[in-house]
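First comes the structure, then the notes that go with it.
All figures in this text were calculated on a predicted structure; none of them were measured in a lab.
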Amino acid sequence: DRTYRRVAPGGGPRRSDGPRGDRDRERFPPYSRMEDEPGATDFPDDAAREATEALIEERANARTSRNYERADQLRDELRRAPHFVFISDKDRTYRRVAPGGGPRRSDGPRGDRDRERFPPYSRMEDEPGATDFPDDAAREATEALIEERANARTSRNYERADQLRDELRRAPHFVFISDKDRTYRRV
């Protein structure tokens, strides 16, 4: 049952605190500073720290109001000089990084978190009757293909990952990969 009511001019809920009013402050607490990355320097003075914190707050407001383009611009600005700040939206934290530091886009779309979520593949006991690699070079070549496949999957290039999986199943590799367990074995 929908009901409506008339309000006097200027009445009704206020939107000045964001699109959802005071609830945003409860749902989205302010960003807190974490321990700086090794090799990072502290802010040169209080004015630099305050300017950085103002940009972080502006970015949080842009995200709350769903202005993601502006939030991305501010994130990129914070990563550059003189700020050198990396922001984690998941944890609602920020930290100073060394110039050129912080997660790289080349590490995958999610930076350092990919290495935590996707550990390297480990070798399991080979199937009975499977032969070992003929030499270290063959083992290293196979492990390089496995790592390349993992990187393809991380960057969501599934076509390339499938090609590498099929190549690993054939001679001279004869490797079966289990993505669920992050393991491989000779078959």
For the residue pair [X] and [Y], establish whether any side-chain heavy-atom pair is separated by less than 4.5 Å.
X      : Y      : result
Asn61  : Arg63  : no
Arg139 : Asp136 : yes
Asp36  : Phe84  : no

Enter the distance from [X]:[atom1] to [Y]:[atom2] here, rounded to the nearest 0.5 Å.
X      : Y      : atom1 : atom2 : answer
Glu125 : Thr183 : CD    : OG1   : 12.0 Å
Glu147 : Leu164 : CD    : CG    : 11.5 Å
Leu55  : Glu50  : CG    : CD    : 12.5 Å
Tyr184 : Met124 : OH    : CE    : 11.5 Å
Ile177 : Arg182 : CD1   : CZ    : 9.5 Å

Could you tell me whether Gln163 atom CD has more than 12 heavy atoms of other residues or ligands within 6.0 Å of it?
-> yes
Apply the test side chain to side chain contact (heavy atoms under 4.5 Å, CB included) to residues Leu78 and Arg75: give CA-CA distance (whole Å), side-chain angles for both, the deciding distance (0.1 Å), then the verdict.
-> CA-CA 5 Å; Leu78 285 163; Arg75 178 202 58 215; 5.7 Å; no
Less than 4.0 Å between a side-chain N and a carboxylate O, is that true for Arg70 and Glu58?
-> yes
Is any side-chain N of the basic residue among Arg123 and Asp132 closer than 4.0 Å to the acidic one's carboxylate O?
-> yes
Spell out, yes or no, whether Phe43 and Val97 are grouped together once hydrophobic residues are joined by side-chain heavy atoms under 4.5 Å, including indirect joins.
-> no
What do the steps show when you test Val85 against Arg96 for side chain to side chain contact (heavy atoms under 4.5 Å, CB included), and what is the final call?
-> CA-CA 5 Å; Val85 169; Arg96 292 271 294 184; 4.1 Å; yes
Where is the tightest heavy-atom contact between Ala40 and Ala98, given as atom of each residue plus distance?
-> CB-N, 3.6 Å
Asp89 and Tyr31: side-chain donor and acceptor closer than 3.5 Å?
-> yes
Give a yes or no answer on whether the side chain of Arg186 reaches the backbone of His173 with a donor-acceptor pair at less than 3.5 Å.
-> yes
Ignoring hydrogens and geometry, is there a side-chain-to-backbone donor-acceptor pair from Arg95 to Glu37 under 3.5 Å?
-> no
